[in-house]
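Before any comments, here is the structure.
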Amino acid sequence: MITGDIKSKVDAVWDAFWTGGISNPLEVMEQITYLLFIRRLDDEQTRALNQANLLGTPITGNPFPLGDDEQGRPYDDLRWSRIKDMHADAAFEVVDQRVFPFIKSMRGDDSTYAHFMKDARLSIPNAGMLQRVIDRLDKVAMDNRDTSGDVYEYLLSKIASAGQNGQFRTPRHIIQLMVEMMEPQPGDTIVDPASGTCGFLVAASEYMRENHGGAINSGAGKHQYHHEMFHGFDFDNTMLRIGSMNMLLHGVEQPDIRYRDSLAESNTDDAEAYSLVLANPPFAGSLDYENTAKDLQQVVKTKKTELLFLVLFLRLLKPGGRAAVIVPDGVMFGSSKAHKELRRILVEEQKLDAVVKLPSGVFKPYAGVSTAILFFTKTDSGGTDNVWFYDLQADGYSLDDKRTPLLGEDQLGPLGMVERGSADHDKNNLPDLLARWGRRNEQELARARTEQSFCVPRAEIAEQGYDLSLNRYKEIVHEEVEHRPPEVILDELDRLETEIGEGMTVLREMLAGGAE
């Protein structure tokens, strides 16, 4: 968690771009990402030099060569620590003419980050603005993984608050909820085929550090965590750069983040390669129908990306693999042949674990679409006995365009300190949802359909045409009305009529007396 002081310094960096005429939040984020990459290279150079001096061994792991380039210019001049102290014009020339060409040529480095710097370009227009940005960014403390990760998350939140391109960002607390429910384990291979800023992968990496730190800090577990656990695909290069940097600043050294159209015919070589899918795929994305993978079309013939992504998830998962994915409400009750068939597959051929209905304001201010989270396990042999439903009505934030926190920070999110049944529960249902999820095969089976969560047998879902909308099964509590015999009601009316008549008589007498 970053302090108010750090936030104000980050805000100052952001403002330097806006006052300098760069108002596209994605371009701002991209330029900051490049500068953070340059700053990190300087940190790596310092560590390599210190280690070599301490051990008395040749330097290794240094991104900048020692000595001078072919034109006799010191490579040290490319380092952040040197650039920040240069005159504005000199710094601008070095960054534009030397640093960016250098990082674009780092493809010899097999890191994800070097790969996505191949088309890096400096779009800051002049020396004065670059100097202001560097000065302000240098004041932002990023001396450890927690701080640097939180700073980048705060920067990403500003993309959404800027009111542009917010569709790339699923709310952090919803991501955390899905990760907590899935409980990633050592050895998992996690994929997000529409990764954007890599929010799901970052949250999964943080969960691993907090819950399985010992298993991933050494040996094979460490290698698997840094090189094999995390996979993210996107076909927007800006998102790939931002997502890669997000993973790097959260301490993952070599995630598999790459350019890929996940629905394309050419990408069919990793079937059953992953044990966990976490995703919020595009709902109404454009679709190149001719190039869409034919094996996906064979399962459900449709142009709807949300349905094709669900089929893709089933293809990507190993048997026993599980998924938590956000889908539009239409997936739950759509009447097309493709909608019905996909729901039938999830219920009858796989194991559909749960449906969590989200409030329609979760994605405001940039979308008001109603959504749900589907949780399922790939079995290829059925296994659905009951489907657990939860009607999430409050996520801790106002459901208007402002999305204002309704509780203190320690009460927000799925791990918030909120007592079940308290007034705070009415503002944040996430802790209750997480607790009840763990009991979905036990006490939850006996819950009434009038409750916020309940289970529905597979057979009943089949009878309803595999409709998965919560309202199809939820029962509304009706207030009991007192029913009295007609004669009692008539007697009551007679009594009231008599009382009214007597009152009118008294009133007329009072008025007559006043007239006299």
Worksheet item: Nearest heavy-atom pair of Ser370 and Ser360: which atoms, and what distance?
Response: OG-CB, 3.6 Å
Item to complete: Quick one: pull up CD in Gln393 and CG in Leu399 and give me the separation to the nearest 0.5 Å.
Response: 10.5 Å
Worksheet, complete the sentence: Tightest non-hydrogen contact, residues Val387 and Ala354, listed as CG1-CA, 4.2 Å
Response to the item:
Heavy-atom nearest pair, Asp234 first then Gly196, reads OD2-N, 2.8 Å
Fill in: Under 3.5 Å donor-acceptor, Gln185 side chain and Met208 backbone
no
Discussion item. Just so I know, are the side chains of Ile216 and Lys222 near enough to count as touching, which here means a heavy-atom distance under 4.5 Å?
Written reply: no
Worksheet entry | Glu419 atom CD, neighbour heavy-atom count above 12 within 6.0 Å | no
Discussion item. Checking Arg209 against Tyr225 for the side chain to side chain donor-acceptor pair (under 3.5 Å) test, could you report, in this order, the C-alpha distance in whole Å, the side-chain angles of both residues, the deciding distance, and whether it holds?
Written reply: CA-CA 10 Å; Arg209 287 186 180 275; Tyr225 175 82; 3.2 Å; yes
Discussion item. Tell me the closest heavy-atom pair linking Ala16 and Val133, and the distance in Å.
Written reply: CB-CG2, 3.9 Å
Worksheet item: Where is the tightest heavy-atom contact between Pro414 and Leu430, given as atom of each residue plus distance?
Response: CA-CB, 3.7 Å
Discussion item. On the six-membered ring of Phe233, is Arg260 placed so that its NZ or CZ lies under 6.0 angstrom from the centre and within 45° of the ring axis?
Written reply: yes
Worksheet entry | Working for side chain to side chain contact (heavy atoms under 4.5 Å, CB included), residues Asp11 and Lys158 | CA-CA 9 Å; Asp11 291 342; Lys158 296 177 79 65; 3.0 Å; yes
Discussion item. Please report the interatomic distance CD(Glu460) to CZ(Arg472), rounded to the nearest 0.5 Å.
Written reply: 10.5 Å
Fill in: Cationic N near anionic O, under 4.0 Å, Glu444 to Arg436
yes
Worksheet item: With distance as the sole test, does Thr379 use its side chain to make a donor-acceptor pair with the main-chain N or O of Ser381 at under 3.5 Å?
Response: yes
Item to complete: Would you sort out whether His425 and Gln452 count as a side chain to side chain donor-acceptor pair (under 3.5 Å), showing the intermediate values?
Response: CA-CA 12 Å; His425 166 76; Gln452 193 168 10; 3.2 Å; yes
Worksheet entry | Stepwise side chain to side chain contact (heavy atoms under 4.5 Å, CB included) check, Ile242 with Leu26 | CA-CA 9 Å; Ile242 292 172; Leu26 272 186; 4.0 Å; yes
Worksheet entry | Residues, nucleotides or ligands: over 12 heavy atoms within 6.0 Å of Lys340 NZ | no
Discussion item. Go through it in stages, so that I can follow the logic: the residues are Ser422 and Asp424, the test is side chain to side chain donor-acceptor pair (under 3.5 Å), and I'd like the CA-CA distance, side-chain angles, deciding distance and then a yes or no.
Written reply: CA-CA 5 Å; Ser422 69; Asp424 291 336; 4.7 Å; no
Worksheet item: Between Arg258 and Asp256, does at least one N-O distance fall below 4.0 Å, as a salt bridge requires?
Response: yes
Fill in: Mutual orientation of the aromatic rings belonging to Phe309 and Phe313 [parallel < 30°, tilted 30-60°, perpendicular > 60°]
tilted
Worksheet item: Could you go step by step and tell me if Arg322 and Asp188 meet the salt bridge (charged side-chain N to carboxylate O under 4.0 Å, His left out) rule?
Response: CA-CA 10 Å; Arg322 56 222 192 275; Asp188 265 331; 2.9 Å; yes
Worksheet entry | Sidechain-backbone polar pair: Asp270 side chain, Ala273 backbone, donor-acceptor under 3.5 Å | no
Discussion item. In the structure I gave you, are the side-chain heavy atoms of Ser398 and Leu406 within less than 4.5 Å of one another anywhere?
Written reply: yes
Practice prompt. Would you please test Glu253 and Arg40 for salt bridge (charged side-chain N to carboxylate O under 4.0 Å, His left out) and show each step?
Written response: CA-CA 12 Å; Glu253 294 173 1; Arg40 187 173 180 87; over 6 Å; no
Practice prompt. May I have the step-by-step check of side chain to side chain contact (heavy atoms under 4.5 Å, CB included) for Glu180 and Leu177, ending in yes or no?
Written response: CA-CA 5 Å; Glu180 290 286 339; Leu177 170 73; 5.8 Å; no
Worksheet item: Can Thr170 and Asn280 be counted as having a side-chain donor-acceptor contact under 3.5 angstrom?
Response: yes
Worksheet item: Leu278 versus Asp192: any side-chain heavy-atom pair under 4.5 Å?
Response: no
Item to complete: For Glu228 and Thr189, run side chain to side chain donor-acceptor pair (under 3.5 Å): C-alpha distance rounded to whole Å, both residues' side-chain angles, the deciding distance at 0.1 Å, then the answer.
Response: CA-CA 7 Å; Glu228 299 169 0; Thr189 47; over 6 Å; no
Item to complete: Kindly state whether the ring of Phe389 and the ring of Tyr473 have centres lying under 6.0 angstrom apart.
Response: yes
Worksheet item: From Phe230 CZ over to Ser195 OG, what is the distance, rounded to the nearest 0.5 angstrom?
Response: 13.0 Å
Discussion item. Could you check whether Gln350 and Asp380, counting side-chain N and O atoms only, form a donor-acceptor pair closer than 3.5 Å?
Written reply: yes
Worksheet item: Any side-chain heavy-atom pair from Val179 and Pro184 closer than 4.5 angstrom?
Response: yes
Worksheet item: Hey, is NZ on Lys318 packed in by over 12 heavy atoms from elsewhere, all under 6.0 Å?
Response: yes
Worksheet entry | Distance-minimising heavy-atom pair for Thr384 and Val347 | OG1-O, 2.9 Å
Worksheet item: If we only count heavy atoms from C-beta on, is the Lys364 to Tyr397 side-chain gap below 4.5 Å?
Response: no
Worksheet entry | Basic-acidic side-chain contact under 4.0 Å: Arg315, Glu272 | no
Worksheet item: Between the main-chain N or O of Met181 and the side-chain N or O of Trp437, is there a donor-acceptor pair closer than 3.5 Å?
Response: yes
Worksheet entry | Any donor-acceptor pair under 3.5 Å from Arg449 side chain to Glu475 backbone | no
Worksheet item: What distance do Thr238 atom OG1 and Asn24 atom CG have between them, rounded to the nearest 0.5 Å?
Response: 9.0 Å
Discussion item. Side chain to side chain contact (heavy atoms under 4.5 Å, CB included) for Thr450 and Ile476? Distances and angles first, verdict last.
Written reply: CA-CA 6 Å; Thr450 54; Ile476 306 299; over 6 Å; no
Worksheet item: Below 4.5 Å, heavy atoms only, C-beta onward: do Ile190 and Ser275 meet side chain to side chain?
Response: no
Item to complete: May I ask you to check whether over 12 heavy atoms, not counting those of Arg458, lie within 6.0 Å of atom CZ?
Response: no
Practice prompt. Return yes if some donor-acceptor pair links the side-chain N/O of Lys378 with the main-chain N/O of Leu314 below 3.5 Å, else return no.
Written response: yes
Practice prompt. Would you check if the distance from the ring center of Phe454 to the ring center of Tyr390 is below 6.0 Å?
Written response: no
Ignoring hydrogens and angles, write down the donor-acceptor pairs under 3.5 Å from the side chains of residues 328-339, residues two or more places apart or on other chains.
from	atom 1	to	atom 2	distance (Å)
Asp329	OD2	Lys357	NZ	3.3
Ser336	OG	His339	N	3.1
Ser336	OG	His339	ND1	2.5

Discussion item. Tell me whether Glu348 contacts the main-chain N or O of Gly382 through its side chain, where contact means a donor paired with an acceptor under 3.5 Å.
Written reply: no
Worksheet item: Is there a donor-acceptor contact under 3.5 Å from the side chain of Asn246 to the main chain of Thr197?
Response: yes
Fill in: Close aromatic pair by centroid cut-off 6.0 Å: Phe375 and Trp388
no
Item to complete: Using a 4.5 Å cut-off on heavy atoms from C-beta on, say whether the side chain of Arg344 contacts that of Glu341.
Response: yes
Worksheet item: Are the charged groups of Asp395 and Arg403 less than 4.0 angstrom apart, N to O?
Response: yes
Practice prompt. Using a 4.5 Å cut-off on heavy atoms from C-beta on, say whether the side chain of Arg172 contacts that of Val202.
Written response: yes
